[in-house]
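Only one structure is covered here, and it is reproduced in the block below.
FYI, side chains are in, hydrogens and waters are out, and symmetry mates aren't considered; it's all heavy atoms of this structure. Worth saying up front: this structure is predicted, and the values here are computed from it rather than measured.
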Amino acid sequence: MQKGGMLNSSIAKVLADLGHTDTIVIGDCGLPVPAGVQKIDLALKPGTPSFLEVVEEVAKNMVIEKVEIAAEMEGRNPAVYGAMKQLFTEEQWIIDADHEAFKEATKHAKCIIRTGEITPFANVILHSNVFFLKLA
């Protein structure tokens with residue numbers, strides 16, 4: 001048994017298996033899951049767990065190179081957008097032209113983690129990095 005960290009065994013396994021440039025998605029409860037992409041469903045009831053709660057916990061346990069969102073998040077969900085800007089550095093940001101381009105990019109993810117979030121455009125693609133680049 002782990003001492004702590006990511007307690008969800010499905011998420012812990014995905015994180016352990018990630019290589020450089022692999023991606024995972026954390027999304028609201030309405031984000032479609034493309035055929036062939038693993039879904040880890042955390043949704044319990046509307047709003048639980050929240051998108052930000054899941055993003056923050058995954059970020060504690062993942063080496064993240066890039067953070068990809070749809071452009072609509074800024075205008076349609078400013079609270080979540082502001083929280084994401086606080087959580088990640090400016091150098092990490094990728095903003096897709098629109099939500100359709102974002103959804104197309106989810107087809108290449110190792111998994112989509114579905115939250116109970118019910119606010120619009122609360123979705124992110126996290127691009128994996130390697131921990132040893134910071135050691136050099």
Verdict with reasoning, Ile112 to Gln38, per side-chain contact (heavy atoms from CB on, under 4.5 Å): CA-CA 6 Å; Ile112 294 181; Gln38 176 189 4; over 6 Å; no
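- Thr115 and Ala43 get closest at one heavy-atom pair: O-CB, 3.5 Å.
- Considering only heavy atoms from C-beta on, Leu15 comes within 4.5 Å of Leu18 through its side chain.
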Derivation of the side-chain contact (heavy atoms from CB on, under 4.5 Å) call for Glu68 and Val124: CA-CA 6 Å; Glu68 187 172 355; Val124 65; 5.7 Å; no
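- Linking ILVMFWY residues whenever their side-chain heavy atoms come closer than 4.5 Å, directly or via other members, leaves Val80 and Leu31 in distinct clusters.
- The pair Lys66-Glu91 does not meet the salt-bridge criterion, since no charged nitrogen lies less than 4.0 angstrom from a carboxylate oxygen.
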Worked check of side-chain contact (heavy atoms from CB on, under 4.5 Å) between Val130 and Val63: CA-CA 6 Å; Val130 291; Val63 183; 6.0 Å; no
Audit row: Gln92, Glu65, side-chain contact (heavy atoms from CB on, under 4.5 Å) steps and yes/no: CA-CA 6 Å; Gln92 290 175 302; Glu65 181 174 24; over 6 Å; no
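- In this structure, the separation between CD1 on Ile125 and CG on Asp96 is 6.0 Å, given to the nearest 0.5 Å.
- When the side chains of ILVMFWY residues are joined at heavy-atom separations under 4.5 Å, either directly or via intervening members, Phe121 and Val25 end up in two distinct hydrophobic clusters.
- Here Glu53 pairs with Pro49, Ser50 under the side chain to side chain contact (heavy atoms under 4.5 Å, CB included) rule; sequence neighbours left out.
- Among pairs with a residue in residues 40-82, those fulfilling ring pair (Phe, Tyr, Trp, His ring centres under 6.0 Å) read Tyr81-Trp93, at least two apart in sequence or across chains.
- For the pair Ala83 and Leu52, the tightest heavy-atom approach, listed with the atom from each and the gap, is CB-CD1, 3.5 Å.
- Side-chain atoms of Ser128 and Asp22 include no donor-acceptor pair closer than 3.5 Å.
- In this structure, Asn123 and Asp28 approach most closely via the heavy-atom pair OD1-N, 2.9 Å.
- Residue Gly116 comes nearest to Cys29 through the heavy atom pair O-SG, 4.3 Å, listed as atom of the first residue, atom of the second, then distance.
- Taken from CE in Met6 to NZ in Lys13, the straight-line distance is 15.0 Å, to the nearest 0.5 Å.
- In this structure, Lys110 places its NZ atom where only 12 or fewer heavy-atom neighbours from other residues, nucleotides or ligands lie under 6.0 Å away.
- Contact between His127 and Met62 at its shortest, heavy atoms only, is C-CE, 4.0 Å.
- Thr119 and Glu117 share a donor-acceptor pair across their side chains, judged by distance under 3.5 Å alone.
- In terms of hydrophobic clustering, with Ile, Leu, Val, Met, Phe, Trp and Tyr side chains grouped at heavy-atom distances under 4.5 Å, Phe88 and Val54 are assigned to a common cluster.
- Atom CG of Leu126 sits about 11.5 Å away from atom CD1 of Ile69, to the nearest 0.5 Å.
- Note: Ile113 CD1 to Asp41 CG = 11.0 Å, rounded to the nearest 0.5 Å.
- A pairwise comparison of heavy atoms in Phe102 and Ala70 identifies CD1-N, 3.8 Å as the closest pair.
- Atom-to-atom distance recorded for Thr106:OG1 and Lys103:NZ is 8.5 Å, nearest 0.5 angstrom.
- Going from atom CD1 of Ile40 over to atom CZ of Arg114 covers 13.0 Å, rounded to the nearest 0.5 Å.
- Not a single donor-acceptor pair under 3.5 Å links the side chain of Lys107 to the backbone N or O of Val33.
- The hydrophobic side chain of Ile118 is isolated, with no ILVMFWY side chain under 4.5 Å apart from it.
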